[in-house]
Amino acid sequence: MARPPVHGSVIVPDWHETVEGKEYLACILRKNRRREFGLLERPVLPPSVAIDTASYKIFVSGKSGVGKTALVAKLAGLEVPVVHHETTGIQTTVVFWPAKLKASDRVVMFRFEFWDCGESALKKFDHMLPACKENADAFLFLFSFTDRASFEDLPGQLTRVASEAPGVVKMVIGSKFDQYMHTDVPERDLTAFRQAWELPLLRVKSVPGRRLADGRTLDGRAGLADTAHVLNGLAEQLWHQDQVAAGLLPSSPENAPG
């Protein structure tokens with residue numbers, strides 16, 4: 001697999017906060033609430049706006065209880081379950097995210113199709129893991145900052161899920177980062193892991209999403225601001241990998257022309 005690009009080298013990081021970015025975000029919002037999209041649905045843009053869509057399948061992997069379903073819900077702007085219930089079978093969720101490419105100044109609509117499967121189902125049914133991995137473009141590996149065992153399980157997860165998929169993007173996400181004062185995973189261990197595996201490592205919080213004035217409805221724009229670093233990170237890694245696969249970029253900085 002290509003070496004991960006430097007953060008901010010492919011996607012303009014804060015473009016979603018600009019006037020232009022907010023105009024594009026309006027197509028995935030309705031009255032400041034996030035729109036939900038089915039597998040066959042897509043955002044509606046004005047006829048005058050020409051934009052390409054890049055679609056990717058992403059399998060979310062991790063021990064039971066680390067927050068896989070909660071992460072996908074946050075990325076999609078959905079309510080996060082208050083009580084943990086293990087996912088039965090395979091759950092798919094579609095998330096759209098517009099982003100601007102740094103090199104061409106072009107806006108691309110990224111379509112992420114997240115596949116989430118409960119750990120018990122993966123162990124019980126042999127066909128589940130192959131189905132989740134089939135034609136996947138990225139693997140997201142989750143651990144919880146409050147669960148040391150989930151962090152120590154990462155090498156096993158990487159070997160079991162990604163060992164036979166060298167061309168698939170791999171990213172690691174630490175959940176419940178807002179409970180860092182009670183962390184079971186110190187910074188030195190994260191540094192050692194990054195050096196050993198050379199994978200992007202992002203952090204997400206577990207706090208409930210901010211609400212609109214009615215006190216009940218999730219604030220769609222605030223939710224996007226909270227998760228933009230994950231969505232941009234995915235877009236950056238996947239777009240870069242596509243460019244490398246197409247021969248448009250070298251696989252590592254060492255192979256780049258001087």
Side-chain angles (χ1 to χ4, degrees), residues 3-17 34 56 58-82 84 93 95 97 99 110 112 114 116 119 138-158 161-162 168-210 218-219 221-240:
R3 178 173 294 181
V6 177
H7 171 66
S9 63
V10 178
I11 300 293
V12 180
D14 298 323
W15 173 78
H16 60 281
E17 296 178 354
R34 287 285 292 278
Y56 300 100
I58 301 163
F59 172 45
V60 185
S61 177
K63 281 188 63 184
S64 178
V66 296
K68 300 186 294 293
T69 303
L71 171 68
V72 175
K74 273 183 171 292
L75 296 178
L78 305 174
E79 291 285 355
V80 176
V82 178
H84 171 253
T93 306
V95 176
W97 176 247
F110 288 87
F112 302 129
F114 292 96
D116 172 23
E119 190 177 26
F139 298 138
L140 280 187
F141 296 94
L142 262 68
F143 73 93
S144 169
F145 276 99
T146 61
D147 181 0
R148 175 76 189 181
S150 68
F151 177 74
E152 294 177 343
D153 190 51
L154 284 176
Q157 292 268 351
L158 283 157
V161 174
V168 176
V169 167
K170 293 180 280 291
M171 291 178 62
V172 177
I173 294 183
S175 65
K176 305 178 184 178
F177 180 61
D178 47 315
Q179 301 175 32
Y180 199 67
M181 293 298 292
H182 309 286
T183 183
D184 292 331
V185 187
E187 191 66 35
R188 64 177 180 276
D189 291 349
L190 296 177
T191 301
F193 178 86
R194 277 195 295 258
Q195 291 174 345
W197 290 90
E198 294 187 326
L199 295 177
L201 195 157
L202 303 178
R203 308 159 201 240
V204 294
K205 299 178 180 179
S206 60
V207 292
R210 286 172 278 182
L218 284 172
D219 186 330
R221 287 194 181 277
L224 286 171
D226 291 340
T227 57
H229 68 294
V230 176
L231 296 169
N232 273 335
L234 270 171
E236 195 153 54
Q237 301 294 327
L238 287 161
W239 187 264
H240 179 263

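The first residue of the sequence shown is numbered 1, and numbering continues consecutively from there. Heavy atoms only: backbone and side chains are in, while hydrogens, waters and symmetry mates are out.
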Check whether any side-chain heavy atom of [X] sits under 4.5 Å from a side-chain heavy atom of [Y], and report yes or no.
X    : Y    : value
Q157 : F139 : no
T191 : Q195 : yes
H16  : L231 : no
F193 : L190 : no
E79  : L218 : yes
L140 : L71  : yes
L234 : Y56  : no
I11  : F110 : yes

Within this structure, what is the [atom1]-[atom2] distance for the pair [X] and [Y], rounded to the nearest 0.5 Å?
X    : Y    : atom1 : atom2 : result
L238 : F112 : CG    : CZ    : 6.0 Å
S150 : F145 : OG    : CZ    : 9.5 Å
L154 : K63  : CG    : NZ    : 10.5 Å
L202 : L142 : CG    : CG    : 10.0 Å

Closest approach of [X] to [Y] (non-hydrogen atoms, all atoms of both residues):
X    : Y    : value
V161 : S61  : CG2-OG, 3.8 Å
K170 : A162 : CD-CB, 3.4 Å
G174 : F177 : O-CB, 4.5 Å
M171 : Q237 : SD-CG, 3.7 Å
V80  : A70  : CG1-CB, 3.5 Å
K74  : K205 : CE-O, 3.2 Å

If only atom types and distance count, is the side chain of [X] paired as donor or acceptor with the main-chain N or O of [Y] below 3.5 Å?
X    : Y    : answer
R34  : L75  : yes
N232 : P13  : yes
H229 : V204 : no
K68  : G62  : yes
E236 : G8   : yes

Open item on the list: Show, in sequence, the C-alpha distance, side-chain angles and deciding distance for F151 and D184, and conclude whether the side-chain contact (heavy atoms from CB on, under 4.5 Å) test is met.
Closed with: CA-CA 9 Å; F151 177 74; D184 292 331; over 6 Å; no
Task: Full working for side-chain contact (heavy atoms from CB on, under 4.5 Å) between F143 and V172 - done: CA-CA 8 Å; F143 73 93; V172 177; 3.8 Å; yes
- [ ] With sequence neighbours excluded, tell me which residues meet side chain to side chain donor-acceptor pair (under 3.5 Å) with E17.
- [x]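 Counting only residues at least two positions away or on another chain, E17 forms no side chain to side chain donor-acceptor pair (under 3.5 Å).
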Task: Pairing of D147 and K176 as salt bridge, 4.0 angstrom limit - done: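 Salt bridge flag = no for K176 with D147.
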